[in-house]
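Read the structure below first, then the notes.
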Amino acid sequence: MPENGPNLEQSIRLFKQAGEVLGGLVGHDLRYLLPAPIYTSHGRGCRKWDVDGNEYIDFLMGNAALILGHADEEVVTAIQAAAARGTHYGNDHPQHLQWAELVQQMVPSAERVRFTNSGTESTLLAIRLARAFTKRSRLLRLEGHYHGWHDDVVHGFDMPFQDPTCQGASPNDQRQVTCLSDGDLNQIEAVLNQQQTAAIIVEATGPSWGRAPLEPGFLTAIRDITERTGTVFILDEVISGFRFHAAGIQGIEGFLPDLSTYAKVLAGGMPGGAVAGRADIMKLMDKTGDSQHDRNQRVIHFGTFNAAPLSAAAGIVTLRRIQAGGVTETINDMGATIRASLQSALDSLGVAGHVYGEASMFHVYFETDPRRLTDISRQQDVWTRDPKRLKGMPGNLIARYQQLLRFNGVDLMSGTGGTLSTSHTQEDLDAATDAFRQTVTTLLDERLVHEI
């Protein structure tokens, strides 16, 4: 720990306690940090404070869910009003329908909506619907793309892509899942032309919320192939939905996927997800009252807290604010600002690094391969788009980068990047850039990153 590092006494004490009570030591694998995870006491706007009183500029933003920032007054008021009426009914309620109607109004492909409790649940349900609709069993997914932690998609999102990611999960070949590179459209088309695949699922931002960007035109090309082959196109907009644009990436690209999956912004910082899409696919969940049909010809879907009142209340406020305009435009502009600011810091230090991303997100790639250092130009178009390199930076570099930024008062989303909210200001971006500069200077001193 640096000599001027923050006091983490209470955090370290809680981490020791976690070792006695929590499976996996933390509640989410990405929260694991050394010397201790961040134990947040409260947040306001784009700032949060840990139990030791350390203040952070937050670019984690509730894993990209808090597009309006921490403790937004209107969202909190809506949650409090809903809680006063009852936290959970076990029944549908009027706000459930209002929430679904907002999704329909904002997303042209959302002919019908079904709420879940998370992004993982949403992709699981979408894949099940696709298999039922097409009467096919195979799933095509892409290397590096993350769609949650259920068995169909848990392998292949992390390097090395061909190796199992998780103990205890069924291998892909047992689950009839094919995993291909998103860089080879010809291979993807060849597989889909066999007409044995129920669906292809694609992370709309590119692998791991845009850490490895998709080539321009990729999504529309996939739409064309799936229409020709009768394959269900599942667009995973868990991150991009309502953040990149009021209608998500599909609203920017101008195409209609068959099914889309959502979470994060959808529920305004509360637990919640959804599948939305074609009515003829979504009606596979419809009950008719005919016992034979309802038992044997349906896709079942349960969930005690689906469209829970508090989640619906927060989601309605958040989506209405986005629908009214100005939210995505503001944060996308800030995204461009911080990307330029961080790149300028790298350039001034002469570091072999590249800041990139889309909309309200940013990522940082440090080139550490000595064979490539002499060939690097700072022109953006020559930097790599290879997922194996972008997701293959040394783990010790990423861990130290995250740790140093934390010591300098900045918390990231995952890897080397973060996401913006309407609560961030230019002052926050300037302070974060200063923290970034200090962090990279230390990484240079420690020879974890390199000069050009």
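Throughout, numbering of the chain's residues begins at 1 and tracks the sequence.
For W49, the CH2 atom is densely surrounded, since the number of other residues' heavy atoms within 6.0 Å is greater than 12. Heavy-atom contacts from other residues, nucleotides or ligands closer than 6.0 Å to CZ of R47 number more than 12. Counting heavy atoms of neighbouring residues, nucleotides and ligands inside a 6.0 Å radius, atom CG of D29 does not exceed 12 of them.
The side chain to side chain contact (heavy atoms under 4.5 Å, CB included) check on L102 picks up Q105, I316, L319, R320, Q323, with sequence neighbours excluded.
Contact annotation: the side chain of K48 approaches that of L60 to within less than 4.5 Å [non-hydrogen atoms, C-beta and beyond]. Taking 4.5 Å as the limit, some side-chain heavy atom of N306 sits within range of a side-chain heavy atom of N117. Looking at Y401 and L412, their side chains come closer than 4.5 Å, going by heavy atoms from C-beta outward. Between M61 and C46, the closest side-chain pair of non-hydrogen atoms falls below 4.5 Å. Using a 4.5 Å heavy-atom cutoff, the side chains of F305 and L310 are not in contact. V265 has its side chain within reach of I322: a pair of non-hydrogen atoms, C-beta onward, lies under 4.5 Å apart. Counting heavy atoms from C-beta outward, F242 and V107 have side chains that approach closer than 4.5 Å. Proximity of S240 to R243: side-chain heavy atoms (C-beta onward) are nowhere separated by under 4.5 Å.
With no hydrogens or angles considered, no side-chain donor-acceptor pair links Q438 and D434 at under 3.5 Å. Side chain to side chain, R114 and H301 meet the donor-acceptor criterion of an N or O pair below 3.5 Å. If you check the side chains of H424 and D428, you find no donor sitting under 3.5 Å from an acceptor. Judged by distance alone, the side chains of D236 and H145 never bring a donor and an acceptor atom under 3.5 Å apart. For the 3.5 Å distance criterion, the side chains of Q403 and R406 fail to qualify, holding no donor opposite an acceptor. With no hydrogens or angles considered, no side-chain donor-acceptor pair links R211 and T205 at under 3.5 Å. Inspection of the W209 and S414 side chains reveals an N or O donor paired with an N or O acceptor under 3.5 Å. Under the 3.5 Å distance criterion, with hydrogens and angles disregarded, a donor-acceptor pair is assigned to the side chains of S423 and S421. Looking only at atom types and distance, the side chain of T123 has no donor-acceptor partner in the side chain of T261 under 3.5 Å away. For the residue pair N408/T439, the side-chain donor-acceptor check at 3.5 Å is satisfied.
For the pair D152 and R141, the salt-bridge criterion is not met [side-chain N within less than 4.0 Å of a carboxylate O]. Salt bridge absent: R223 and E253 never bring a charged side-chain N and a carboxylate O closer than 4.0 Å.
The two residues E121 and S118 have their closest heavy-atom pair at N-OG, 3.1 Å. Heavy atoms only, all atoms of each residue included: F115 and A100 are closest at CZ-N, 3.7 Å. Nearest approach of V113 to A276, heavy atoms of both residues: CG2-CB, 4.2 Å. Annotation for V410 and A435: closest pair CG2-CB, 3.7 Å, computed over non-hydrogen atoms. The shortest non-hydrogen separation linking A314 to M270 is CB-CG, 3.6 Å. Residue A345 comes nearest to F436 through the heavy atom pair CB-CD2, 4.0 Å, listed as atom of the first residue, atom of the second, then distance.
Atom-to-atom distance recorded for Y32:OH and F15:CZ is 4.5 Å, nearest 0.5 angstrom. For the atom pair L420 CG and R339 CZ, the distance stands at 8.5 Å (nearest 0.5 Å). Rounding to the nearest 0.5 angstrom, the gap separating the NE2 atom in H93 from the CD atom in Q98 is 9.5 Å. Here L448 contributes atom CG and I398 contributes atom CD1; the two are 11.5 Å apart, rounded to the nearest 0.5 Å. Here I201 contributes atom CD1 and I234 contributes atom CD1; the two are 5.0 Å apart, rounded to the nearest 0.5 Å. Note that CD of E203 and CG of L214 are 8.5 Å apart. Values are rounded to the nearest 0.5 Å.
No donor-acceptor distance shorter than 3.5 angstrom exists from the side chain of D52 to the backbone of N54, with no hydrogens or angles considered. A donor-acceptor contact shorter than 3.5 Å links the side chain of Q402 to the backbone of G415. The main-chain N or O of G326 is found under 3.5 Å from a side-chain atom of T330 such that the two form a donor-acceptor pair. At distances below 3.5 Å, not a single donor-acceptor pair connects side-chain atoms of D411 with backbone N or O atoms of D58. A distance-only check finds a donor-acceptor pair linking the side chain of T220 to the backbone of G217 [under 3.5 Å]. Listed for the T416 side chain is a donor-acceptor partner under 3.5 Å among the backbone atoms of V364. At distances below 3.5 Å, at least one donor-acceptor pair connects side-chain atoms of N332 with backbone N or O atoms of T328. Of the possible polar contacts, none joining the H96 side chain to the A307 backbone as a donor-acceptor pair under 3.5 Å is found. Side-chain atoms of S311 do not come within 3.5 Å of backbone N or O of G272 as any donor-acceptor pair. Checking side-chain atoms of Q343 against main-chain N and O of V355 turns up a donor-acceptor pair under 3.5 Å.
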Under the side chain to side chain contact (heavy atoms under 4.5 Å, CB included) criterion, do V51 and S11 qualify, and how do the steps go? CA-CA 7 Å; V51 293; S11 298; 3.7 Å; yes
Test side chain to side chain contact (heavy atoms under 4.5 Å, CB included) applied to V275 and Y262, step by step: CA-CA 6 Å; V275 178; Y262 297 96; over 6 Å; no
Using side chain to side chain donor-acceptor pair (under 3.5 Å), reason through S109 and Q250 one step at a time and then give a plain yes or no. CA-CA 9 Å; S109 67; Q250 58 195 276; 2.5 Å; yes
Evaluate the criterion side chain to side chain contact (heavy atoms under 4.5 Å, CB included) for residue pair D258 and L235; output intermediate values, then yes/no. CA-CA 8 Å; D258 299 303; L235 187 65; over 6 Å; no
Chi angles and distances behind the side chain to side chain contact (heavy atoms under 4.5 Å, CB included) call for L68, V75: CA-CA 9 Å; L68 303 178; V75 171; 4.0 Å; yes
Between R389 and D369, is the salt bridge (Lys or Arg N to Asp or Glu O under 4.0 Å) condition met? List the steps. CA-CA 10 Å; R389 288 172 61 190; D369 187 337; over 6 Å; no
Report the C-alpha distance between S122 and T116 in whole Å, list the side-chain angles of each, state the deciding distance to 0.1 Å, and finish with yes or no for side chain to side chain donor-acceptor pair (under 3.5 Å). CA-CA 6 Å; S122 297; T116 66; 2.8 Å; yes
For the pair R437 and S348, evaluate side chain to side chain donor-acceptor pair (under 3.5 Å) and give the outcome as yes or no after the intermediate values. CA-CA 9 Å; R437 185 185 299 274; S348 68; 2.8 Å; yes
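Classified by interplanar angle (parallel below 30°, tilted 30° to 60°, perpendicular above 60°), the ring pair Y356/H363 is parallel.
In this structure, F362 has its ring center closer than 6.0 angstrom to the ring center of F59.
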